[in-house]
Amino acid sequence: MDLRLTERSAEPLTEDRVWARHPRRTGAVLIVGAGAVGGFVAEELARIGFSPLHLVDPDTLALENIVRHPLGAPELGQPKATALAGRIRRDFPSCAAVGHCADFTALPDEERWSLVRWADVLVAATDSAACQRAVNKAALMAGRPAVFPAVWVDPRIRDAEVGEILWTLPGRRTPCYECAAAFRRAASDTQAARGARVDIQLIALATAQVVTALAHPDDARSALLDRRHTAIYLHGFTPTSPGVEAVFPTDGLSSRSVRVPFPPRPCPVCRGWRYVASTDASAGRDDGLPPPRGGAQPRWPVGAVLTAVLLLVTVLFVVSLAQSTHS
Amino acid sequence: MGAAPNSLQQAELTEEQAREKEREWFLDAETGELKPDERPGDDPRSQPRPVRAARWTFD
């Protein structure tokens, strides 16, 4: 452990003191998007003990950002990713945070791959569906779990009233982001989206718990993750709007884990689909996650079984016909 | 010390709220809606309506 001294204190930052109140959980995380959600996620992951963290974001900190971002006025005009990485290194010297002022989708393949392959978990916290999809593809190619935190933008609800956290495992063990977000529009005017910091931070805190559970299946937090319910919706500390009260029947803070089915047709990205996706019977056996609640319910590809039976009957019929002709 | 006050009971969910809290929902990515799972014995007329998931999100 680095024994550097802080500027104002002569007390060394020994590891046993820093994590005296909760055990350190570490691992490498790539965070694409260092904005209102991704910024707080990065800070929380550093507090939990994750290192290294790589932050990717092409934007600079603007004045209207500072009310809901870990950075403040001293960092105005600086790239969010590099400034936040610097802040994290300063506040948490045990976290090797690296910032990349870049658009993830515009990175050369080799550079993108070098960022992805060392990560234990990927986090996509951007306002661009195209970028979320690019992270999804990269996670699938590298065989890494990924988390997609976001805040709903919709005229029917209050600002930042509902948060959404999708999480995925590679190898068609869960539906991928594309399976779950086929309806997402490619672009929107979300730059101007409003949202209260308190509710956004709740989403960031919950996302950090999901990342920890994915990186450490032995951690008690992994009990939160059920492969049949890979979408988590959070309602902030605000009165519930009529448009969402069916999902959140109580006022104020609440969460709901929602089932995300594989699509009825093969997903163009992960190739998973409803009838040949990994069965619930194998759930949790190779990823360390607990089996789904309610027990295993293997699904059989009915069409494939019927075709096989029909083929067998046809072959038997042809064979018996050939035998009777010869005799 | 002594017995705990009863005020916690007032914070418990009503029977209907508890029932709705237990209901399973799924995301229909084709329509972009959160939909309730059907439960045996449920009156279809009392089913909660699907909730449209927001088309847009921000970071």
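Per chain, numbering begins at 1; letters A, B, ... match sequence-line order.
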Checklist entry - Where do B:Val51 and A:Arg156 come nearest, in terms of heavy atoms and distance? => result CG1-NH1, 4.4 Å
Checklist outcome for this item: All heavy atoms of B:Glu30 vs all of A:Arg265, minimum pair found to be OE1-NH2, 3.0 Å
Checklist outcome for this item: Smallest heavy-atom separation, A:Ala182 atom then B:Ala29 atom, equals CB-O, 3.9 Å
Item to check | Contacting region of A:Thr230 [heavy-atom separation from chain B under 4.5 Å] | outcome: neither
Checklist outcome for this item: Here the pair of heavy atoms bringing A:Val153 nearest to B:Ala54 is O-CB, 3.7 Å
Next on the checklist: Please give me the minimum heavy-atom distance between B:Trp25 and A:Val258, naming the atom from each residue.
Outcome noted: O-CG1, 3.5 Å
Checklist entry - Looking at B:Pro36, B:Pro50, B:Ala53, which one has more heavy-atom pairs under 4.5 Å with chain A than the rest? => result B:Ala53
Item to check | Interatomic spacing from CZ in B:Phe26 to NE2 in A:His229 - rounded to 0.5 Å | outcome: 11.5 Å
Next on the checklist: So for A:Tyr233, is it side chain, backbone, both, or neither that comes closer than 4.5 Å to the heavy atoms of chain B?
Outcome noted: side chain
Next on the checklist: Looking at A:Arg259 and B:Asp37, would you say the former's side chain and the latter's main chain have a donor-acceptor pair under 3.5 Å?
Outcome noted: no
Item to check | Proximal component of A:Pro264, with respect to chain B [non-hydrogen, under 4.5 Å] | outcome: side chain
Next on the checklist: Looking at A:Gly243, is its backbone amide N or carbonyl O close enough to the side chain of B:Arg52 to form a donor-acceptor pair, meaning the two atoms are under 3.5 Å apart?
Outcome noted: no
Checklist outcome for this item: dist A:Glu164:CD -> B:Leu27:CG (nearest 0.5 Å) comes out at 7.5 Å
